Every structure is written in structure tokens, then in C-alpha cells.
Amino acid sequence: MHHTKIFHMYGNIGISTWMKPMLTVVSCSRQYEEGHPQAVLTLQSAWAQIFPGETVTLSCEVEGGSADWRFKQYRKGQEQAVCQKPSPSMGNSVGCTISTPQYHHSGVYWCESASGQERSNTINLTVSNQWVILQTPPQPVIEGDVLTLRCRVRGYTATRVVFYKDNKELQSRADAALSVDRVSKSDEGSYKCKAWRLYSPYSELPKAVLTSSPQWGELYTGETVTLSCGVEGGFTGFQYLWYKSSQGGTVQIRGTTGASYTLSPVTQSHSGQYQCEAQRGDPPRSSQRSDPVILTVSEGQPKPALTREPTGEIFEGDTVTLSCVVEGGSGGWRYLWYKDRQGAPVYQTDSSSGTGAGYTISAAALSHSGEYWCGAGRGRNTSYSQYSHPIWVNVTALFSRVTLTASPGATVKEGEALNLTCEAAVNKPPRPQLHYTIVRDGEPVTNSTDSALYSIASTEKSHTGSYTCAVESQGVKKSSQELHIEVQTSWHSAVAIGYRVSFTLIHFIVFTLLLLQYCRIQGSPCLAGGKSRKTSDQDQEQSAEGIELSSRVQHTGVELE
């Protein structure tokens, strides 16, 4: 963070600032352990902090060739492409030049392959609108290297500079650079600098500073932009002169002397190079004219370019990414996504989300098939782009069918073998690994990624039931129709059961007859009704008959045995 202070000393003006970049020292061994990326991004400048308007060149060197590699910037939570047309490849390198960087070019930069799977290291570039900056090297500082820090005053040469480390003064000198011959871990810390620029109150005023808001670079008809002019040092009480340069030359803009100049809505006639200067006093003294701000206004609305990854056939469970970008290098766009119809943005779910210029379907389903568009908007009074060209997303079923078959059939006899086979017709080449589950009456009986076979060596009645099989892969799961399996009793079992029933019944009859005979001999106490005994003559007669019957029963019993 920068803090600018203005103070008066013996009729002179001094400018100071505080800037606290954190210096981290990397050892050679650590750098070796972290390895080297396939692509190396370098900044063709000695410093990672610059003032607006200072040319910046990025270079990406790729092992094996840099064809189709692109440059990206991350700023304010969004990724955006830079250098839509990088400089032609030279061997294994490709370059990206920002000729007039502004504040919005600050951010983290890297280069990546066309697929986005391979990335280089990152470089943090700062384009500062402050008056004083502390400049540090863009590449990592390695133990043993020579380190140089530089304190710069915008538009001036500093007459005195003080460097601080962790809020302790290191040195005060006219030299604006601080050098450390051999960097070590002890040099890590938070650095800042303080700078002074002294000048006579009778000299010309400091240079005017012109900024634009928003800092989009390229504008489209109907949008709004405000130019703001100030004077280094924070002076007030000025009136401002505005100038516009085009192919017809430089003219002063009449009718405005304020510190800001708003163009709304812009037209193509507003394209050109703008400058301002400040005046005050009688006779008026003028500041130096500001550096130019270039406004480019294009007719109509931009049309975003929409691309899809992967470009080939898409199957259930695949990840699909749609990328949208407004060509021309201008920023500030917020992207909207549409499916099957224009006008209403697409509803996002757990499996689909739009972040910045990308819309990702993390697990494609058949319902994600359809026609997609993207659009973009920016500005306080939102200015919308055209719709992009459409892209069709067709999601193919991973399994066209799942079947469960029984061998020798759905009806088997008890004791026979039974094999159930689960099969899936997979549409995606190469065939993905499948997970099989066979369920009987709602309970899993097998769960395997190795085999689709459920084998029963000897069936029992308990194996009867309704069976289904499910196949799962890439988060996609499909089930077969129910197959009812019936295990029937065989004739061997029927004969065995009949024999057991008959044998039991014969024994019951014999036991019953013997029990009745015993009851008669003993006077029938076990017969129902508790009947009174008959006359003694009848008793004797029945007794004799009972003895005879008992003899016959015993004889019959011997024959049965």
C-alpha cells in the first residue's frame, strides 16, 4: 500500500511515499526440489513495479515448442486472456507486449497450453498510479545472488532516498538504488522507501496526471467514460485545459475547465488521444502536459467468441467447459450463459457453474444436451454485448442398456446350479472400468468391479426372489429390469418327503391301537365320558375278548416289524 505525504521545508516541497513489498529468499536446493515447469515465463524488464505508459514485454519459453500457447492474467477474482495475437514464435518462445500499460494491467500473469492443462510459473506485475514506487526484481531472489532495489519518483529525479527494512532505516543517500551483494535468508523482510524531490516555487508546476475510468482501453458506442486530471503533489485551485489529438491534429476542447471530463454516450468520433494540463495564478502558470490516454471507440456491440472443451463426442459423466471471451483485449466484462433459448440466463446446479469467462459442467447428464450461447455486460449502466454464436452440446449415454440373464433359466430345481450374468452395452471407447451390483429383493448379493457373474453351485428355496443388476462408472449408474427366479422342489425330494410322512403315519396308527387295547384291559380309564363299569359277567366276557384281541394285535405287530 502507498501512503503519499506532502510537507513544506524552507519554501521547498518534498514528496515521500511508503511501499512495503515482502522480500522472500529462495535457496538453490529448495528451487531444485520444487522442480522446473515445462514452460518458463519471464518479464523483459528489471522490475515488477512500473508506472503507467512504460512498455512491458512477457516471454514464454516452452520445452518442445510454443505453438498454441497463450497468455493469461488473473485480476479481481477473474481470469482473462491477454495478447490475443502474441508475437510470432521464435524457436521455443512466444512473446506478449503491452505497449501502454495502465492500472488495470496489474495482476498475476502466466502462459498456458491451448487445453489449459499445462501452465508456466507466475509473475506479479504492478502498474502503479502512485507518485513513488519501490521496484523489486520480477523473478525469485536466490541465495548468493546480487539484489538491487530501486526507489522511483514519478516524473522526477529523487534528490534524497531513505530505505527501510522491517521499519528500521537502512541508509539515507542521494542514490535511488539499494544493493545487496550476496543475498541470504537474513535479508528476508518487509521493505519500503522514502523519497524527496525539491524544486523552486518559481519554476513551472509539476506534471499533470490524466487517468480514465473505467480503464477498458477499447470502448463501444453507447458506453460512458470519465477522464480525470490532477497535479502531482496534491495541489488544488487549478483550472484545467483539455486537448484531443487525432489524424486532423491536436485541438483544445472548449467549454470545460474542470478536473474531470465525461463522455456519455461515446461515439466513434470520440476516438483519439487525450491530454490535460493545469493552470493557476496571474499571469497563469501551466503544468507540464499529461501523458496521453488513448480512447478507441468501436461501432455497435462486440460479439463474444464461444469455444468448447473437449471438442469431440461427450458422454455421461464427462467434464465439459465452455469458454467465452470478448475479443479486442478490453476488460471489465461480466459473462452470462444461456441454454436452449436466449434472454434468460441458464439456471446453474451442483453439476454446472459459470465463473467469469468459463461455464463448467462437472458431470455431464443427458439433460445437459442442448444449444448454448454466452453474452457479456459491463459498466454501471450495463452495456451488453451481442450473443455469441451458438455451440451444440450433445451428451451420449454411457450405457445404452443393462441386462440380467439367468442360466440355465429363470426356473430351476432345488439343488441345481444357477448363474446370473450382468451385462452393459458401453458406448464410450475405450471401455471404462465398470462396477457391478446384483440385488435380490432389495438386498445386495454381490458387489464387484472384477466380475459381472453371480454363481450359485446348489440352489435352495431361499434363492427364490426378484433380481436386478446395476452397473456404475464415472458417476453414472443404471439398472436392469427385474428378473424373477423360482427354485422348484425336485421329484427326488417329493419321494423322500412322502416316505417320511407315510412311515410316521403307520407308526401313529399302531401306537393308537396299542393304546386302545391297553385301556380296555385296564378298565378303560382313558376312554372318553368316564362310563360306569358293566356287570361282572359282561366284564369277564369283554376281558376274554380283550385278551384275544391283544394277542392278535401283538401278532400283527410282529409281522409289521
Side-chain angles (χ1 to χ4, degrees), residues 1-34 42-43 45-52 54 56 75 101 103 106-109 121-199 206-207 209 230 232-235:
M1 180 180 293
H2 302 76
H3 307 277
T4 302
K5 297 181 179 180
I6 308 298
F7 59 93
H8 296 267
M9 182 182 295
Y10 304 108
N12 296 322
I13 305 298
I15 304 174
S16 66
T17 191
W18 303 82
M19 183 177 180
K20 298 182 179 181
M22 189 70 189
L23 177 67
T24 302
V25 179
V26 180
S27 65
C28 290
S29 59
R30 176 180 164 190
Q31 186 188 39
Y32 177 79
E33 291 170 0
E34 290 176 350
T42 55
L43 182 63
S45 168
W47 314 107
Q49 299 81 22
I50 61 173
F51 289 120
E54 298 178 338
V56 171
R75 178 174 178 264
Y103 177 72
S106 297
V108 178
Y109 288 80
N121 56 297
T122 60
I123 288 180
N124 195 344
L125 175 68
T126 301
V127 182
S128 176
N129 285 328
Q130 302 299 320
W131 310 128
V132 181
I133 58 175
L134 177 62
Q135 294 182 309
T136 61
Q139 274 74 33
V141 180
I142 302 174
E143 282 185 311
D145 283 357
V146 175
L147 169 67
T148 300
L149 305 178
R150 186 170 70 166
C151 193
R152 283 186 64 196
V153 182
R154 186 177 183 179
Y156 299 105
T157 300
T159 57
R160 179 172 174 245
V161 174
V162 177
F163 289 92
Y164 298 83
K165 176 178 180 286
D166 298 330
N167 292 322
K168 293 182 180 180
E169 182 176 332
L170 293 177
Q171 61 184 35
S172 176
R173 52 202 280 182
D175 191 356
L178 170 67
S179 295
V180 179
D181 292 336
R182 293 181 60 84
V183 177
S184 65
K185 295 294 284 185
S186 63
D187 293 312
E188 287 187 337
S190 179
Y191 286 78
K192 63 186 179 183
C193 71
K194 208 174 190 180
W196 286 262
R197 161 71 173 107
L198 304 178
Y199 61 91
K207 186 175 182 179
V209 178
E232 291 180 341
F235 298 103

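Counting begins at 1 with the first residue of the sequence. On a predicted model such as this, the values are computed, not experimentally measured, just so you know.
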Checklist outcome for this item: Closest non-hydrogen contact found for Q130 with F51 is O-CE2, 3.2 Å
Item to check | Closest non-hydrogen atom pair between K194 and C151, with its separation | outcome: N-SG, 4.4 Å
Checklist entry - Shortest non-hydrogen contact from P101 to E54? => result CG-O, 2.8 Å
Checklist entry - When you look at K192 and E169, which way does the salt bridge (Lys or Arg N to Asp or Glu O under 4.0 Å) test go after all the steps? => result CA-CA 9 Å; K192 63 186 179 183; E169 182 176 332; over 6 Å; no
Checklist outcome for this item: Note: S186 and K165 closest approach over all heavy atoms is O-NZ, 3.6 Å
Item to check | Minimum side-chain heavy-atom gap Y109-N124 below 4.5 Å | outcome: no
Checklist entry - Shortest non-hydrogen contact from A176 to F163? => result O-CZ, 3.4 Å
Checklist entry - Hey, does the side chain of S106 reach the backbone of V127 with a donor-acceptor pair shorter than 3.5 angstrom? => result yes
Item to check | Exercise: identify the closest heavy-atom pair between Y191 and L149 | outcome: CD2-CD1, 3.6 Å
Checklist entry - Rounded to the nearest 0.5 Å, how far apart are OG of S128 and CG of L134? => result 11.0 Å
Item to check | Spacing of Q135 atom CD and L178 atom CG [to the nearest 0.5 Å] | outcome: 13.0 Å
Next on the checklist: Would you say T136 and Q49 are linked by a side-chain donor-acceptor pair, where the criterion is simply a distance under 3.5 Å?
Outcome noted: yes
Item to check | Results of side chain to side chain contact (heavy atoms under 4.5 Å, CB included) for V180 - residues two or more places apart only | outcome: L147, V183, D187
Checklist entry - Quick check: does any side chain N or O of D166 sit under 3.5 Å from a backbone N or O of S190, one acting as donor and the other as acceptor? => result yes
Item to check | Test item: T126 and I50 side chains (from C-beta on) under 4.5 Å apart, heavy atoms | outcome: no
Checklist entry - Mind checking what makes side chain to side chain contact (heavy atoms under 4.5 Å, CB included) contact with P138, not counting sequence neighbours? => result L43, A48, I123
Checklist entry - Who pairs with T42 by side chain to side chain contact (heavy atoms under 4.5 Å, CB included), at least two apart in sequence or on another chain? => result V40, Q44, S59, Q139
